[in-house]
Every structure is written in structure tokens, then in C-alpha cells.
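Worksheet for the structure shown next.
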Amino acid sequence: MSAPSIGQLSPLPRSFYARDARVVARELLGKVLVRREGRALLAGRIVEAEAYLGAIDPGAHAYRGRTPRNAVLFGAPGHAYVYFIYGNHYCTNVSCQPVGEAGCVLLRALEPVCGIAAMAALRGLALPANPRPSQLRLLTSGPGRLSQALGISREHDNGCNFCSRRSGLYIVDDGSAAGEILATPRINVTSAPLDEWRFVVIGNTFVSGKRPH
DNA sequence: TTATAGATTGCCT
DNA sequence: GGCAATCTATAAT
């Protein structure tokens with residue numbers, strides 16, 4: 001009996017996401033985000049994530065109630081919330097908590113696992129045959145970068161079902177442990193600077209920022 | 001109707 | 001380290 005490859009593993013079930021976003025964010029570290037584009041398989045291990053809640057979290061898009069942009073957050077958990085930020089970038093979230101509670105987890109950094117050449121193409125980067133770690137970081141170290149590296153857009157992916165393999169975008173558990181986890185304040189969330197709802201894998205090269213922790 | 005800030009990134013000095 | 005790019009949501013006229 002051999003270990004199944006990434007592409008054969010089943011998506012995490014909806015019950016995984018139907019919990020407090022802070023718990024989900026922490027537990028998503030070490031899991032693998034999978035993207036299918038036709039025959040191509042792109043995948044990366046989640047090494048940084050942030051939790052956003054609803055009515056009690058001034059840093060969250062859902063804080064002021066439902067709008068066309070954030071409607072996905074008020075539906076069933078386990079769906080993609082993709083938004084366009086600063087006129088330049090997409091950010092990828094997974095909705096959490098039971099129906100009616102608007103929590104989500106922002107995916108902020110991945111360690112590439114599968115499809116590195118395709119990711120580089122989507123990012124518009126020319127990687128050498130043996131890229132240095134500092135060059136690989138440019139693929140998926142940051143929420144806008146990882147979204148671009150996996151070809152994720154609001155037009156195509158907002159609202160898609162993270163619990164279905166057929167959606168082409170989902171998360172699996174390949175059995176490996178995340179390692180030691182650190183909680184910190186969220187990046188660029190000035191309205192709630194004291195909440196330590198950003199979770200990172202300590203020492204992982206792909207955590208975003210110059211000094212990751 | 002206009003102004004401004006924002007869950008970012010890349011290029012410039 | 002500074003700042004431009006440039007879309008969206010919300011606040012201010």
C-alpha cells in the first residue's frame with residue numbers, strides 16, 4: 001500500500017470549516033491547497049493564514065453587514081471568498097463558521113508542492129533550472145502572489161465549493177504535520193491591532209514579509 | 001458626486 | 001525605505 005499522490009486525496013469536509021475561523025486558520029497550516037487547471041495540477045502547503053470574524057471584528061469585510069462583495073461569507077462554510085484589493089491583486093479566503101456567521105480564513109502564503117513551472121508562468125517570472133529559495137518565495141509568499149500563482153480570480157473562483165474536487169480548488173490533508181505555530185497580529189489590519197489571529201509556521205521560508213515573525 | 005482608505009506588490013532611490 | 005498602480009467600498013460634500 002502506497003501513499004496516495006496529492007491529486008488523489010479528498011477535499012477536507014464541510015464540517016472542518018463549520019467552526020470558529022481562528023481554529024480553522026490554525027488547523028489549516030500544514031494542509032495542502034490544490035488547484036486543477038485542465039490537466040495541470042498546482043499545489044502548495046499552507047504556511048501562513050489569518051482569521052476574520054463577522055460582526056465583532058472591525059478588521060473583517062463582513063463587519064458592516066452583507067454587501068454584494070462579501071455575500072459568500074454569509075452562506076455555507078467551505079466556499080471561496082475572492083476579492084480584488086488595491087486595484088491590483090486578488091486575495092483568496094475560505095468561508096468558515098455555520099451558515100449566517102460570516103467568518104473566513106485568508107490564505108497568506110504557500111510552500112510550493114506541485115506545478116512550480118506553471119506557477120512561475122502564471123506569475124510572469126522566469127525561474128532558472130535550480131532556483132534559489134529567495135526566488136521560489138516570489139511565487140507564493142503573500143496573499144496576492146499565491147492567488148496569481150494558482151490562477152485564482154474573483155470572476156472565475158468567488159463562491160466556488162472548497163469541499164468538491166470538481167470545483168478545481170480545494171484543500172487536502174496529506175498527513176504531514178505543520179510544525180511549530182506562532183500567533184501574531186494580522187498584517188495591515190489597523191482597526192484591530194491587538195487580535196493575534198495570524199498564524200505562521202515558525203521558521204518556514206515561505207511565510208510572507210522580510211522578517212516573517 | 002467626489003474623496004479617501006484599503007486583508008498588496010514591485011520598482012525606484 | 002518610499003511610493004505608484006488602480007479597483008472597490010464607504011464616508012463626506
Side-chain angles (χ1 to χ4, degrees), chain A residues 17 20-26 28-29 33 44 46-74 77 79-97 101-110 112 119-127 131-159 162 169 182-200 205-213:
Chain A
Y17 300 105
D20 189 295
R22 291 161 290 196
V23 174
V24 177
R26 183 183 281 270
L28 276 178
L29 299 189
L33 179 62
I46 300 167
V47 298
E48 177 181 352
E50 286 177 354
Y52 290 84
L53 305 182
I56 68 162
D57 179 6
H61 287 169
Y63 182 59
R64 291 173 185 79
R66 180 175 178 148
T67 67
R69 176 174 70 158
N70 67 24
V72 170
L73 298 177
F74 291 82
H79 290 263
Y81 170 49
V82 182
Y83 63 88
F84 197 51
I85 190 67
Y86 294 119
N88 283 286
H89 309 282
Y90 293 106
C91 290
T92 304
N93 302 249
V94 197
S95 65
C96 297
Q97 318 216 152
E101 295 180 31
C104 65
V105 171
L106 169 67
L107 305 179
R108 288 194 54 91
L110 304 177
M119 290 185 193
L122 283 162
R123 291 272 296 122
L125 298 174
L127 286 185
R132 304 166 43 129
S134 63
Q135 296 173 303
L136 283 175
R137 278 187 96 251
L138 295 177
L139 292 176
T140 53
S141 178
R145 288 171 174 173
L146 76 85
S147 297
Q148 187 179 37
L150 269 55
I152 296 170
S153 70
R154 180 185 60 187
E155 293 76 11
H156 188 263
D157 301 293
N158 188 48
F162 258 71
L169 185 63
L182 176 71
T184 81
R186 296 173 293 185
I187 303 296
N188 293 336
V189 178
T190 53
S191 55
L194 299 181
D195 294 321
E196 299 197 320
W197 297 344
R198 169 180 180 250
F199 302 94
V200 304
T205 315
F206 293 90
V207 171
S208 72
K210 288 172 185 167
R211 273 197 300 270
H213 328 310

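Remember, predicted model here, so these are calculated numbers, not experimental data. We name chains A, B, ... by the order of the sequence lines, and we start the count at 1 in each one.
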**Fill in**
Dot-bracket assigned to DNA chain B with the 3.5 Å Watson-Crick/G-U criterion, [ ] for crossing and | for other-strand pairs, is ||||||.|||||.
**Prompt:** Between A:Tyr81 and A:Ser95, is any pair of side-chain heavy atoms under 4.5 Å apart?
**Reply:** no
**Request:** Let me see the working for A:Leu139 and A:Leu122 under side-chain contact (heavy atoms from CB on, under 4.5 Å), right down to the final yes or no.
**Result:** CA-CA 9 Å; A:Leu139 292 176; A:Leu122 283 162; over 6 Å; no
**Asked** Do A:Tyr86 side-chain and C:dA5 base share a donor-acceptor contact under 3.5 Å?
**Response** no
**Salt-bridge present (A:Asp57, A:Arg22; N to O < 4.0 Å)** = no
**Message:** Side chain of A:Arg123 only, heavy atoms from C-beta on: which candidate in B:dT8, C:dT10, B:dG10 is closest?
**Reply:** B:dG10
**Message:** Given the structure, check if the side chain of A:Asn188 and the base of B:dA7 hold any donor-acceptor pair shorter than 3.5 Å.
**Reply:** no
**Prompt:** Is the shortest side-chain N/O distance from A:Arg64 to OP1 or OP2 of B:dG6 below 4.0 Å?
**Reply:** no
**Nearest-nucleotide comparison on DNA chain B, the residue closer to the 5′ end among A:Ala62 and A:Leu125** = A:Ala62
**Prompt:** Nearest to the side chain of A:Asn88, which nucleotide is it out of C:dA5, C:dG1, B:dA7?
**Reply:** C:dA5
**Asked** Does A:Leu169 reach the side chain of A:Phe162, with side-chain heavy atoms less than 4.5 Å apart?
**Response** yes
**Request:** Look at A:Arg198 and B:dA7 and indicate whether a side-chain polar atom (N or O) is within less than 4.0 Å of OP1 or OP2.
**Result:** no
**Message:** Between P on B:dT9 and CZ on A:Phe84, what's the gap in Å once rounded to a whole number?
**Reply:** 13 Å
**Message:** Using only atom types and a distance under 3.5 Å, with no angle test, would you say the side chain of A:Ser141 pairs donor to acceptor with the backbone of A:Phe206?
**Reply:** yes
**Prompt:** At under 4.0 Å, does any side-chain N or O of A:Arg69 touch on OP1 or OP2 of C:dT10?
**Reply:** no
**Request:** Please determine which of A:Arg198, A:Arg186, A:Arg26 meets the salt bridge (charged side-chain N to carboxylate O under 4.0 Å, His left out) test together with A:Glu48.
**Result:** A:Arg198
**Message:** Quick one, A:Leu138 with A:Leu127, criterion side-chain contact (heavy atoms from CB on, under 4.5 Å). Give me CA distance, side-chain angles, the key distance, then yes/no.
**Reply:** CA-CA 10 Å; A:Leu138 295 177; A:Leu127 286 185; over 6 Å; no
**Message:** Base, sugar-phosphate or nothing for A:Leu106? Non-hydrogen atoms, less than 4.0 Å.
**Reply:** base
**Complete:** Rounded to the nearest 0.5 angstrom, the OH-CD1 distance for A:Tyr63 and A:Ile56 is 10.0 Å
**Nucleotide C:dC7, atom C1' - distance to OH of A:Tyr90 in whole Å** = 10 Å
**Item:** side-chain contact (heavy atoms from CB on, under 4.5 Å) between A:Trp197 and A:Leu53, worked out
**Value:** CA-CA 10 Å; A:Trp197 297 344; A:Leu53 305 182; 3.6 Å; yes
**Message:** If I take atom CZ in residue A:Arg154 and atom P in nucleotide C:dA9, what distance separates them, rounded to the nearest angstrom?
**Reply:** 7 Å
**Message:** Can you tell me how far apart SG (A:Cys96) and CD (A:Glu101) are? Round to the nearest 0.5 Å.
**Reply:** 11.0 Å
**Fill in**
Taken to the nearest whole Å, OH/A:Tyr83 to P/C:dA9 is 12 Å
**Asked** Within the pair A:His61 and B:dA7, is there a side-chain N or O less than 4.0 Å away from OP1 or OP2?
**Response** yes
**Asked** What is the distance, rounded to the nearest whole Å, between atom NE2 of A:His89 and atom C1' of B:dC11?
**Response** 12 Å
**Complete:** Here the distance between atom C1' of B:dA5 and atom OH of A:Tyr63, to the nearest Å, is 17 Å
**Fill in**
Rounded to whole Å, NZ of A:Lys210 lies from P of B:dT8 at a distance of 15 Å
**Closest to the A:Asn93 side chain, choosing from C:dT10, B:dA7, B:dG6** = B:dA7
**Request:** Please work out which residues in residues 138-147 of chain A have a non-hydrogen atom less than 4.0 Å from an atom of DNA chain B and list them by number.
**Result:** A:Gly142, A:Pro143, A:Gly144, A:Arg145
**Prompt:** How close or far is atom P of C:dA5 from atom CD1 of A:Ile85, stated in whole angstroms?
**Reply:** 18 Å
**Message:** With rounding to the closest Å, how many angstrom separate the C1' atoms on B:dA7 and C:dG1?
**Reply:** 22 Å
